[in-house]
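This report concerns only the one structure given below.
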2 protein chains.
Amino acid sequence: MNVPTIQTFDCGDCPIRHRAVCARCDSDELEALDAIKYYRTYDAGQSITWSGDRMDFVGSVVSGIATLTQTMEDGRTQMVGLLLPSDFVGRPGRDTAAYNVVATSTVVMCCFRRKPFEDLMSRTPHIAHRLLEMTLDELDAAREWMLVLGRKTAREKIASLLSILARRDASLRPEKDSNRRVFDLPLTREAMADYLGLTLETVSRQVSALRKDGVIELEGKRHVTVPDMGRLMEEAGDDSDGGGFL
Amino acid sequence: MNVPTIQTFDCGDCPIRHRAVCARCDSDELEALDAIKYYRTYDAGQSITWSGDRMDFVGSVVSGIATLTQTMEDGRTQMVGLLLPSDFVGRPGRDTAAYNVVATSTVVMCCFRRKPFEDLMSRTPHIAHRLLEMTLDELDAAREWMLVLGRKTAREKIASLLSILARRDASLRPEKDSNRRVFDLPLTREAMADYLGLTLETVSRQVSALRKDGVIELEGKRHVTVPDMGRLMEEAGDDSDGGGFL
DNA sequence: TCCTAGCCTTGACCCAGATCAAATCGGACC
DNA sequence: GGTCCGATTTGATCTGGGTCAAGGCTAGGA
């Protein structure tokens with residue numbers, strides 16, 4: 001499978017380096033982007049966007065983690081995307097949000113007002129291209145996830161999620177030992193369940209089982225050590241490199 | 001939810017009118033597209049693309065139906081997309097296919113060699129924009145499907161699929177009675193199962209159940225009549241209009 | 001220090017959908 | 001018409017994961 005490179009860009013004074021929308025842009029274009037950008041902070045649990053609401057900005061996550069969810073009338077909810085630093089939020093060309101976006105931790109967003117962003121986009125082909133690439137990556141991620149949701153067992157689902165989180169985390173900070181990974185779970189058991197199409201009880205049981213079997217080690221409830229990524233990816237049912245992203 | 005308009009365009013001598021990649025293009029641009037396009041026919045069951053293979057064209061489906069699937073080593077497979085006439089296949093900027101694409105019926109594709117298409121794309125912003133829109137629609141479709149896969153019951157899954165097929169079919173041919181729909185199932189029970197993350201037996205049972213309950217009528221095994229789309233969408237667990245596409 | 005509120009874990013039991021097995025249907029081909 | 005084969009239906013049984021219920025762990029507040 002295809003593991004897209006983490007989307008990061010340097011937009012001047014954002015606290016992290018990332019090259020998302022403005023990779024390859026020249027300085028004029030960057031200046032134009034700078035002119036319409038602003039920052040906004042959301043507290044953990046706060047809603048960034050509510051499905052159906054008017055949405056007059058697009059932007060990318062600078063720090064923190066947000067989730068993209070859909071809900072049925074009876075309350076069943078499914079997470080359809082996990083937004084990590086550098087991920088893009090919002091859809092140019094549409095003025096209402098299609099999903100609920102909720103901050104899981106404190107989230108800082110680098111926002112662009114939608115109209116000026118769209119204007120800029122139609123003037124600078126780079127940006128449209130970049131956005132196309134990012135969208136295609138997201139599409140691949142969504143499709144990979146369809147396989148997880150439709151055909152994997154609970155244990156494989158958990159292993160898949162851990163493997164993705166471990167790899168996304170690893171691409172943020174350089175690792176020495178390529179086989180060992182250490183990271184903090186950014187999600188509650190309930191959020192994991194919503195991502196995996198499971199119940200929180202099943203998530204809890206399977207995490208315990210993986211711990212018992214030595215696939216992972218836990219320190220507290222959130223701090224995870226993966227002694228052997230290969231083993232984890234086997235558990236996930238992934239072949240060679242375990243098509244991951246998101 | 002958002003029901004994207006069917007992507008169709010008129011590319012000169014294609015047997016159907018569609019406005020996919022070249023909507024809004026002027027005549028010069030159309031001519032440039034014409035210059036690099038060619039047609040190719042695939043028989044039912046024939047593979048159009050094999051995951052991991054080199055892919056040197058992109059294109060859109062002119063007629064027939066193809067499926068986009070992912071497979072695990074042990075044979076479990078999940079359909080991740082259904083390609084109906086006018087849908088776009090292939091990813092500009094990547095030279096290997098990410099999925100298996102298989103013709104379900106005889107399929108005619110309007111292809112563009114990838115390199116010239118990419119060149120053309122970088123010269124004509126319209127096309128990149130159009131592609132971005134189409135990709136965003138597909139992403140919405142994939143995410144909608146994640147909700148189906150992750151949280152719906154077997155009966156709701158079947159109803160969701162039928163509702164999507166009925167609506168996509170309806171947007172191809174004009175309908176008088178907006179409540180009634182008649183169409184042919186383009187998929188075997190097994191393909192439906194692969195789409196829905198079920199087994200073919202369960203698909204068969206639930207289709208029978210929906211027939212018994214008067215939600216649909218069957219003539220033979222493939223010809224479906226939906227007497228009341230509202231009822232069907234209720235069964236699908238969809239609110240108002242039942243987020244559709246694909 | 002204790003209390004409280006979220007999380008999280010674990011156990012007991014149940015059921016929707018998987019699995020295994022057997023017909024039946026329908027079209028293509030002789 | 002008859003045979004064959006793949007697609008479909010239907011039945012019987014099994015089981016992974018859902019549901020319900022009872023504690024446990026930890027951080028923050030008083």
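Letters go in sequence order (proteins before strands), and every chain restarts at 1.
No side-chain donor-acceptor contact under 3.5 Å links A/T202 to the backbone of A/L198. The backbone N or O of B/K157 sits nowhere less than 3.5 Å from a side-chain atom of B/K152 that would complete a donor-acceptor pair. Counting only distance, with no hydrogens or angles, the side chain of A/T135 and the backbone of B/T135 share no donor-acceptor pair below 3.5 Å.
Screening A/L162, A/V226, A/L232 for a side chain to side chain contact (heavy atoms under 4.5 Å, CB included) with A/V215, the sole residue that qualifies is A/L232.
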Scan nucleotides 17-19 of chain D against the protein and return all N/O pairs shorter than 3.5 Å with their distances rounded to 0.1 Å.
unit_1, atom_1, unit_2, atom_2, d
D/dG17, OP1, A/A154, N, 2.8
D/dG18, OP2, A/T199, N, 3.4
D/dG18, OP2, A/T199, OG1, 3.1
D/dG18, OP2, A/T202, OG1, 2.4
D/dT19, O4, A/R205, NH2, 2.8

Check nucleotides 24-28 of chain C for protein N or O atoms closer than 3.5 Å to its own N or O atoms and list the pairs.
none

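Listed here is the closest heavy atom pair of A/L200 and A/A193: N-CB, 3.6 Å. Heavy atoms only, all atoms of each residue included: B/M233 and B/S163 are closest at CG-OG, 3.9 Å. Between B/C110 and B/Y39, the closest heavy-atom pair is CB-CE2, 3.8 Å. The shortest heavy-atom contact between B/P85 and B/G64 is CD-O, 3.4 Å.
Atom P of nucleotide D/dT9 and atom CD of B/E190 are separated by 13 Å, given to the nearest angstrom. Atoms CD (A/E219) and P (D/dT26) sit 12 Å apart, rounded to a whole Å. To the nearest angstrom, P of C/dC7 lies 13 Å from CG of A/L187. When the P atom of D/dT26 is taken as reference, atom NE2 of A/H223 falls 16 Å away, rounded to whole Å. What separates CG of A/L200 from P of D/dC20 is a distance of 13 Å, to the nearest Å. Counting to the nearest Å, the P atom of C/dG17 and the CE atom of B/M192 are 15 Å from each other. One atom, CZ of A/R189, and another, C1' of D/dG24, lie 14 Å apart when rounded to the nearest Å.
When the side-chain nitrogen and oxygen atoms of A/S204 are compared with OP1 and OP2 of C/dT10, none of them lie within a distance under 4.0 Å. For C/dC7, neither phosphate oxygen OP1 nor OP2 lies less than 4.0 angstrom from any side-chain nitrogen or oxygen of A/R222.
Put simply, OH on B/Y195 and CG on B/L187 are 9.0 Å apart, with the number rounded to the nearest 0.5 Å.
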